[in-house]
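Have a look at the structure below, then the notes.
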2 protein chains.
Amino acid sequence: MNSVNETTRDRRRVETQERILTEARRLFAETGYDRTTIRAVAAAAQVDPGLVMHYFGSKQQLFARAAETESRPIVEGTAEEVAEQLLERLRESLIDEPVASLAVLRSMLTHPDAADEIRGNAHVRGSNIGKAIHGVDGELRSDVLSALLIGVVLGRHLLKLDHLADADPDKIVELLGPAVRSLTKG
Amino acid sequence: MNSVNETTRDRRRVETQERILTEARRLFAETGYDRTTIRAVAAAAQVDPGLVMHYFGSKQQLFARAAETESRPIVEGTAEEVAEQLLERLRESLIDEPVASLAVLRSMLTHPDAADEIRGNAHVRGSNIGKAIHGVDGELRSDVLSALLIGVVLGRHLLKLDHLADADPDKIVELLGPAVRSLTKG
DNA sequence: GGAGTCATTCAACGACCGTAGAACGAAATT
DNA sequence: AATTTCGTTCTACGGTCGTTGAATGACTCC
């Protein structure tokens with residue numbers, strides 16, 4: 001039986017799968033979907049490429065698993081409240097964006113699945129703006145905000161724009177305060 | 001001799017090279033560096049893959065030629081003047097970003113050369129912000145502005161975020177006015 | 001302890017890629 | 001008209017990739 005007695009096989013299997021997922025996330029985030037090969041993931045996880053296929057079925061499915069992130073919707077409220085939530089999420093993203101999110105961001109321009117995930121749920125650190133922004137052109141302003149936040153996280157963690165990559169997160173958030181607030185207001 | 005008498009061979013050669021470059025730009029912009037194959041470019045230009053190699057030497061060099069853009073520095077001035085220039089460039093980029101720029105943007109996350117071009121000359125439609133922004137944290141604010149503009153152009157032309165892709169450029173520029181102006185001011 | 005499950009490896013296939021070099025044929029030069 | 005140039009194609013090599021299916025051997029269960 002299972003679910004009661006955990007066999008050593010169960011443990012090993014889960015450990016191996018998570019080791020593969022960790023290395024896959026890292027490589028997807030570092031080099032994107034296309035340049036990350038199943039062979040490289042397997043090597044990094046000290047495992048045979050066939051095992052990766054056995055557990056995850058295909059490269060696409062491996063990416064889907066590696067790119068899973070928790071979606072944390074922005075709660076509705078006044079323009080100021082929404083702005084403060086977004087800036088706090090941005091602050092977290094600047095300090096340490098989850099590797100899974102970076103994998104999606106790195107791949108979004110060349111892998112349709114990654115683009116879909118961004119499009120369907122434009123987010124930074126799983127921040128689903130959704131319908132938290134109301135007023136005139138609410139949907140457009142929401143998209144613009146998503147684009148801005150994506151740009152900043154991209155510039156810092158992936159493009160590594162010289163001064164943006166090194167700057168104090170609080171300083172960046174402070175600079176972006178007026179910009180974000182001006183866009184949450186209808 | 002040459003440079004005086006233009007032979008039909010000269011004409012044909014230039015025509016073919018430009019046809020190849022046009023198709024290369026289009027494909028690089030649509031699918032990025034890695035997914036664009038020399039074979040596909042050759043087929044689109046109705047030419048043999050070997051001819052592409054013969055004219056451009058390698059895939060990297062083909063990309064370099066296809067991705068060439070004119071750099072148009074932002075001229076220094078008051079914070080308001082710089083902001084107005086940036087917003088005007090953004091407006092142009094929203095209406096019709098050059099294919100060569102889109103090729104660089106599409107490839108910047110997976111092709112090191114494209115990333116270098118963005119980093120060394122963070123631009124949208126060749127807008128080199130350079131040292132046009134002064135004051136406290138001038139360099140950081142310049143990088144943040146680059147990141148914002150990249151995000152918006154990316155969201156509209158490449159990610160095609162639903163409402164951002166369809167919106168009136170003037171409306172978007174209007175929405176971003178306060179954000180851009182708040183960042184040009186020291 | 002013997003049968004069976006399953007985590008893991010191994011070897012290989014077929015497809016596609018960038019690239020190189022020989023070959024051909026039409027235009028240019030003399 | 002003969003010869004050279006060169007735009008263009010053809011064929012092929014070596015490499016890498018995703019994926020498969022059989023083989024192996026350790027663990028599990030009755």
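In what follows, every heavy atom counts, from backbone to side chain, and hydrogens, waters and symmetry copies are set aside. A note on names: the letters A, B, ... follow the listed sequences, proteins ahead of strands, and every chain is numbered from 1.
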| request: In whole angstrom, give the distance that lies between atom CD1 of B:Ile38 and atom C1' of C:dA20. | output: 12 Å

| Can you list every pair that meets salt bridge (Lys or Arg N to Asp or Glu O under 4.0 Å) and has a residue in residues 56-67 of chain B, with sequence neighbours left out? | B:Arg65-B:Glu68

Only pairs under 3.5 Å count here: list side-chain donor-acceptor contacts from residues 45-55 of chain B, not counting sequence neighbours, and write none if there are none.
residue: B:Asp48; atom: OD1; partner: B:Gly50; partner atom: N; Å: 2.7

| Side-chain ion pair, B:Arg26 and B:Glu30, N-O less than 4.0 Å | yes

| request: Using atom CZ of A:Arg11 as one end and atom C1' of C:dA7 as the other, report the distance to the nearest whole Å. | output: 14 Å

| field | Interatomic distance, B:Arg12 CZ vs C:dA28 C1' [rounded to whole Å] | value | 14 Å

| query | Are any non-hydrogen side-chain atoms of B:Glu81 and B:Glu76 less than 4.5 angstrom apart? | reply | no

| Nearest-Å distance for atom pair CD/P, residues A:Gln61 and D:dT20 | 10 Å

| task | Starting from C1' on C:dA26, measure out to CG on B:Asp10 and report it in whole angstrom. | result | 15 Å

| said: Without decimals, in angstroms, what is the distance between A:Met53 CE and D:dC17 P? | reply: 14 Å

| Is there a side-chain contact between A:Ile20 and A:Phe56 (heavy atoms, below 4.5 Å)? | yes

| field | A:Phe56 CZ to D:dT19 P, straight-line distance once rounded to whole Å | value | 14 Å

| task | Measure the shortest side-chain to side-chain distance between A:Leu176 and A:Leu148 over non-hydrogen atoms and say whether it is less than 4.5 angstrom. | result | no

Atom pairs and distances, donor-acceptor, side-chain atoms in residues 166-174 of chain B, under 3.5 Å, two or more places apart:
residue: B:Asp168; atom: OD1; partner: B:Asp170; partner atom: N; Å: 3.1
residue: B:Asp170; atom: OD1; partner: B:Arg91; partner atom: NE; Å: 2.9
residue: B:Lys171; atom: NZ; partner: A:Asp137; partner atom: OD2; Å: 3.3

| field | Whichever of B:Ser58 and B:Thr8 has its nearest DNA chain C nucleotide further upstream toward 5' | value | B:Ser58

| said: Side chain of A:Thr37, heavy atoms from C-beta onward: which of C:dG18, D:dC17, D:dC27 has the nearest atom to it? | reply: D:dC17

| Apart from A:Val136 itself, which Ile, Leu, Val, Met, Phe, Trp or Tyr residues share its cluster (side-chain heavy atoms under 4.5 Å, direct or through members)? | none

| task | For salt bridge (charged side-chain N to carboxylate O under 4.0 Å, His left out), just list the numbers for B:Glu92 and B:Arg89, CA-CA rounded to whole Å, side-chain angles, deciding distance to a tenth of an Å, and then say yes or no. | result | CA-CA 5 Å; B:Glu92 295 173 19; B:Arg89 297 288 177 85; 5.3 Å; no

| query | Between residues 13-25 of chain A and DNA chain C, which residues have a heavy-atom gap below 4.0 Å? | reply | A:Arg13, A:Thr16

| said: Rounding to an integer number of Å, can you tell me how far B:Lys59 NZ sits from C:dA20 P? | reply: 15 Å

Every protein N/O lying under 3.5 Å from an N/O of nucleotides 9-13 of chain D:
residue: D:dT9; atom: OP2; partner: B:Asp48; partner atom: N; Å: 3.0
residue: D:dC10; atom: N4; partner: B:Asp48; partner atom: OD1; Å: 3.4

| query | Quick one: which of D:dT8, D:dC6, C:dT5 gets closest to the side chain of B:Arg9? | reply | D:dC6

